[in-house]
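Take a look at the structure below.
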Amino acid sequence: MQKRKKTQNITFVLLGIMGDLSRRKLLPALYQLEVAGLLSEDISVVGVARERLQPDTFVELVTQALSQHVSEPVQAAAVKRLLARMQYVALDLHEVKAYAALKQALGSCHTAIYYCAIPSSVYAAVCQGLAAHGLIRPQSRLVIEKPIGADLVSAQAINASISDFFTEQQTYRIDHYLGKETVQNLICLRFANPILAHLWDNRCIEHVQITLAEAVGVENRGNYFDQAGQMRDMVQNHLLQILTLFAMDPPVDLQADHIRDEKVKVMKALRPMSAHDLSANAVLGQYQAGVIENQPCAGYLEDVQQPSSRTDTFVALKLFIDNWRWAGVPFYVRSGKRMQQKRTEIVIYFKESPCNLYRNVMDTLPQNKLTIRLQPDEGIDIQMLNKVAGLDDQFQLAASKLDMRLNQSEYRPSPRVADAYERLILEVIKGHQALFVRKDEIEIAWQWIDQIMAAWQQSQHPPKPYPAGSSGPLAASTLLAQDGRAWHE
Ligand code: BG6
């Protein structure tokens with residue numbers, strides 16, 4: 001346990017404490033920070049929800065959420081310490097007058113962090129309620145969650161509804177992928193290893209593949225997902241964030257805005273995809289019934305009870321970043337639900353050598369390939385060619401791997417990997433914005449996604465079917481096969 005540090009009398013206000021996100025992620029994250037001794041003594045937590053609850057019932061509900069969603073046995077002493085910092089306020093977030101109760105709970109708090117674990121349609125009401133009671137001060141912070149809009153117009157409306165009350169420096173937009181250890185390690189890998197930094201462009205890299213595959217379906221979020229689809233749920237945010245971290249130029253330093261400026265430049269360089277480009281460069285799919293890990297799974301239409309839904313549960317794109325560094329390098333990206341297994345990885349294929357000295361034993365030398373496995377089984381491996389030991393006249397070559405497994409103890413001082421939300425909550429408390437998404441990033445990302453979705457709607461093509469437990473529709477393989485390539489499986 002680390003020594004508790006003093007901060008500056010911070011109150012973490014969890015709006016929507018009875019909701020799914022709070023119960024599954026935020027309360028367990030606060031608990032883990034408590035266990036690790038990372039919450040200073042002057043941090044308190046105010047939980048807000050509409051229900052009127054007796055103090056005992058609130059304690060019971062928090063304890064229940066922790067025992068359900070903390071993966072290891074819950075430590076009673078840490079729960080007790082966490083509960084000692086907590087209080088509950090029942091209020092209807094749409095009622096301006098009701099915020100008086102929150103004001104009273106905040107008392108002499110210096111810095112309030114308002115974490116909105118609530119639908120974005122309520123953000124404006126929250127800002128107005130807080131402002132009416134003088135609860136927004138220059139040091140206050142607002143944390144908001146995805147989805148931030150369903151297109152550019154709705155994202156702009158959400159951003160506008162909060163920007164009258166909170167400045168950009170006070171606003172923390174969560175993309176939880178940025179809180180994952182291995183996503184942060186991507187920045188370190190790139191900029192702490194000059195050997196890689198020198199290879200990171202179109203002179204050395206032939207193409208790049210990014211996969212965000214999930215085995216889960218839509219779970220109990222069918223209503224939301226059927227409006228969103230995989231392009232809006234995963235590609236607009238998590239996938240584009242990984243892409244921009246992978247492709248950005250080195251920032252001048254690690255300050256939040258310097259990193260975010262570089263990410264924005266990559267987004268601006270994404271080549272637009274017209275209706276004409278769509279058929280050659282994009283595949284949208286929808287899962288049908290199938291089998292995952294020997295368990296039968298229903299198809300999407302049955303899962304959401306919408307027999308004629310055309311919502312995409314799989315997306316594969318061939319995209320280009322039209323800038324000096326990446327001109328001409330195809331990026332093949334894909335993301336899908338109900339695929340074979342959970343797997344997030346980046347695979348970089350390097351260009352072939354200009355001349356094959358081993359053509360008498362191998363017609364074509366396999367490309368060097370760098371794989372960055374983000375989850376699960378985090379690690380990095382490089383495919384290399386070696387001489388097979390022996391006295392044969394002719395060299396025999398074999399491909400082998402330099403394999404660095406990040407889940408091994410030398411890279412991981414503690415066996416437990418912190419959940420993304422633990423890191424993100426700590427960063428908000430410290431007032432560091434590097435792991436949060438800036439307004440312009442969100443809006444440019446939507447602009448790029450919107451034109452693909454508009455072209456797709458216009459095409460009237462239904463999504464391509466694929467069986468649950470597969471690696472997506474056949475057309476996704478064709479997307480690479482037409483360029484003489486295949487997905488890394
Ligand atoms: C969320 C999406 O943002 O990310 C979900 O809304 C998805 O649909 C989830 O399943 C994946 O996150 P993770 O951390 O499990 O990779």
Side-chain angles (χ1 to χ4, degrees), residues 16 19-26 28-29 32 69-71 115-120 143-150 154-155 158 172-186 210-243 245 284-287 292 297 300 303-304 309 311-315 333-346 372-378 406-407 416-425 435-437 441-442 445-446 449 468 472:
D20 187 55
L21 177 69
S22 298
R23 290 164 35 77
R24 270 188 318 109
K25 292 289 183 183
L26 305 177
Q32 295 291 4
H69 299 289
V70 171
S71 42
Y115 195 120
C116 294
I118 48 176
S120 58
V143 186
I144 58 174
E145 273 284 341
K146 76 172 267 278
I148 298 181
S154 51
I158 292 172
Y172 293 72
R173 294 181 192 79
I174 297 233
D175 180 313
H176 77 279
Y177 268 55
L178 295 181
K180 289 183 189 266
E181 276 294 333
T182 44
V183 175
Q184 289 162 51
N185 194 31
L186 183 56
I210 304 180
T211 297
L212 267 69
E214 300 181 86
V216 292
V218 294
E219 313 289 282
N220 51 2
R221 301 187 310 148
N223 284 344
Y224 150 76
F225 191 87
D226 202 46
Q227 299 300 313
Q230 194 75 351
M231 184 81 91
R232 296 187 174 98
D233 185 49
M234 293 290 287
V235 179
Q236 186 270 347
N237 36 71
H238 308 323
L239 202 148
L240 286 186
Q241 285 296 323
I242 292 178
L243 175 76
L245 289 174
L284 278 79
Q286 191 183 75
Y287 66 81
I292 300 181
C297 304
Y300 176 76
D303 277 350
V304 292
S309 170
T311 298
D312 50 300
T313 63
F314 174 96
V315 178
V333 304
R334 63 181 165 166
S335 177
K337 299 244 181 300
R338 284 280 187 243
M339 295 179 67
Q340 254 155 13
Q341 57 184 9
K342 171 111 184 148
R343 184 158 62 101
T344 306
E345 69 177 19
I346 306 173
I372 306 173
R373 301 186 303 270
L374 298 174
Q375 62 178 6
D377 181 27
E378 302 87 351
L406 296 176
N407 49 9
R416 190 184 158 270
V417 181
D419 184 74
Y421 280 95
E422 294 167 41
R423 159 69 61 192
L424 294 173
I425 290 175
L435 301 182
F436 299 87
V437 187
E441 283 181 76
I442 298 261
W446 274 126
I449 294 291

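Start at 1 and go down the list; that is how both ligands and their atoms are numbered. Scope of the values below: all heavy atoms of this structure, side chains included, with no hydrogens, waters or symmetry mates. Not measured: the values here are computed from a predicted model.
Judged as a ring-ring contact (aromatic ring centres under 6.0 Å, His included), and not counting sequence neighbours, the contacts of Y177 are H238. The salt bridge (charged side-chain N to carboxylate O under 4.0 Å, His left out) check on R334 picks up E489, with sequence neighbours excluded. Partners of S22 by side chain to side chain contact (heavy atoms under 4.5 Å, CB included), not counting sequence neighbours, listed by chain and number: L14, L26, A117.
Judged purely by distance below 3.5 Å, without hydrogens or angles, the side chains of Q241 and E441 pair a donor atom with an acceptor atom.
The environment of N223 atom CG is sparse: at most 12 non-hydrogen atoms of other residues, nucleotides or ligands sit within 6.0 angstrom.
Near ligand 1, residues K146, H176, Y177, K180, E214, R221, D233, M234, H238, K337, K342, Q375 each place a heavy atom inside the 4.0 Å sphere around the ligand atoms.
Salt-bridge annotation for K337 and E214: present, with a side-chain N of the basic residue lying under 4.0 Å from a carboxylate O of the acidic one.
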